[in-house]
Amino acid sequence: MSCPKTEPHVLKEEVLAVGKWVKLERTTYVDPAGKTRTWETAKRTTRPTNTDADGVGIIAILKRTLHRDCIVMVKQFRPPMGCHTLEFPAGLIDNDESAETAALRELKEETGYKGEVVGVTPVTCLDPGLSNCTTQIVMVNINGDDVENVNPTQQLGEGEFVEVILLPLDEFQKKIDEVVQKGNIVVDSKVYIYAMGMSQAFFKPNELPVLKQ
Ligand SMILES: Nc1nc(=O)[nH]c2c1ncn2[C@H]1C[C@H](O)[C@@H](COP(=O)(O)OP(=O)(O)O)O1
């Protein structure tokens, strides 16, 4: 006998604990079989009122004459991980800020580069089994020949320590693997999936030989 189908939905959200940046809630919801259940949910306290995205991630490609195109990456100590991470530049969206404006601001602050937005994703979820945290990924081109971008200077806030790492686009996955193999560093999954996609697109490693062009 099949279960009757219900449109799953949230019934109530009770706050269990609140910090300055994060809160923990108990979410009561109805599952697709019509049964009422609960879930432990983490949320940021900082989401702006004008958007469903908490933050932005920035895929910034540095283009310079006589250089290979590079992706601008950041390495930093992340307290929740207890180690360094390799990530795309990223940050929280300020109130009344668009994803595009936040991306160019965060890129300038974290890396010193001035970029131009060439694309933006819809709101995407980051870890939906744990949290409602969301991000928009913003694609940015950087003209590395521009005088403003020849000696980029970071504008880091108090307590921010960010190392900029340039990785060539045409060997992105290989270079990430080299960085990871060197030490105690974890790569962000968005970064690694992008790198795997690049490898698949460029080298088609999983295609049968007869289908390769
Ligand atoms: N979960 C957090 N705990 C903190 O103690 N502080 C936090 C949290 N999330 C953000 N922040 C602080 C740290 C910075 O001072 C600001 C802005 O962070 P931002 O640079 O926009 O984002 P990240 O790059 O993801 O840190 O918020």
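In what follows, every heavy atom counts, from backbone to side chain, and hydrogens, waters and symmetry copies are set aside. Order of listing sets the numbers, starting from 1, for every ligand and every atom in it.
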Check the side chains of [Y] and [X] for a donor-acceptor pair under 3.5 angstrom, ignoring hydrogens and angles.
X	Y	result
T27	E13	no
Y192	Q173	yes
R47	T134	yes

Looking at ligand 1, would [X] count as a contact under a 4.0 Å heavy-atom criterion?
X	answer
E110	yes
R44	yes
E160	yes
A90	yes
E106	yes

Checklist entry - Short check: is a protein heavy atom less than 4.0 Å from atom 15 (O) of ligand 1? => result no

Checklist entry - Are any of the N/O atoms in W21 less than 3.5 Å from those in ligand 1? => result yes

Next on the checklist: Please check whether L92 reaches ligand 1 - meaning an N/O of the residue sits under 3.5 Å from an N/O of the ligand, judged on distance alone.
Outcome noted: yes

Next on the checklist: Please list the nearest protein heavy atom to atom 22 (O) of ligand 1 with its residue and the distance rounded to 0.1 Å.
Outcome noted: G91 CA, 3.6 Å

Checklist entry - Can you tell me which residue and heavy atom of the protein come closest to atom 26 (O) of ligand 1, and the distance to 0.1 Å? => result R78 NH1, 3.2 Å

Checklist outcome for this item: One should read off an interatomic distance between T111 OG1 and Q155 CD, to the nearest 0.5 angstrom, of 9.5 Å

Item to check | Straight-line distance of R68 CZ to L167 CG, nearest 0.5 Å | outcome: 10.0 Å

Checklist entry - Relative to the ring of F88, is the ring of Y194 parallel (under 30°), tilted (30 to 60°) or perpendicular (over 60°)? => result perpendicular

Next on the checklist: What I want to find out is whether D69 reaches K63 closely enough, with some N-O distance under 4.0 Å, to be called a salt bridge.
Outcome noted: yes

Item to check | T46 and ligand 1 - part of the residue with a heavy-atom distance under 4.0 Å | outcome: neither

Checklist outcome for this item: A student checking ligand 1 against V22 at a 4.0 Å heavy-atom cut-off should list atoms 1 (N)

Next on the checklist: Show every salt bridge (Lys or Arg N to Asp or Glu O under 4.0 Å) that has at least one partner inside residues 20-36, sequence neighbours left out.
Outcome noted: E14-R26, K23-E25, E25-K43, D31-R37

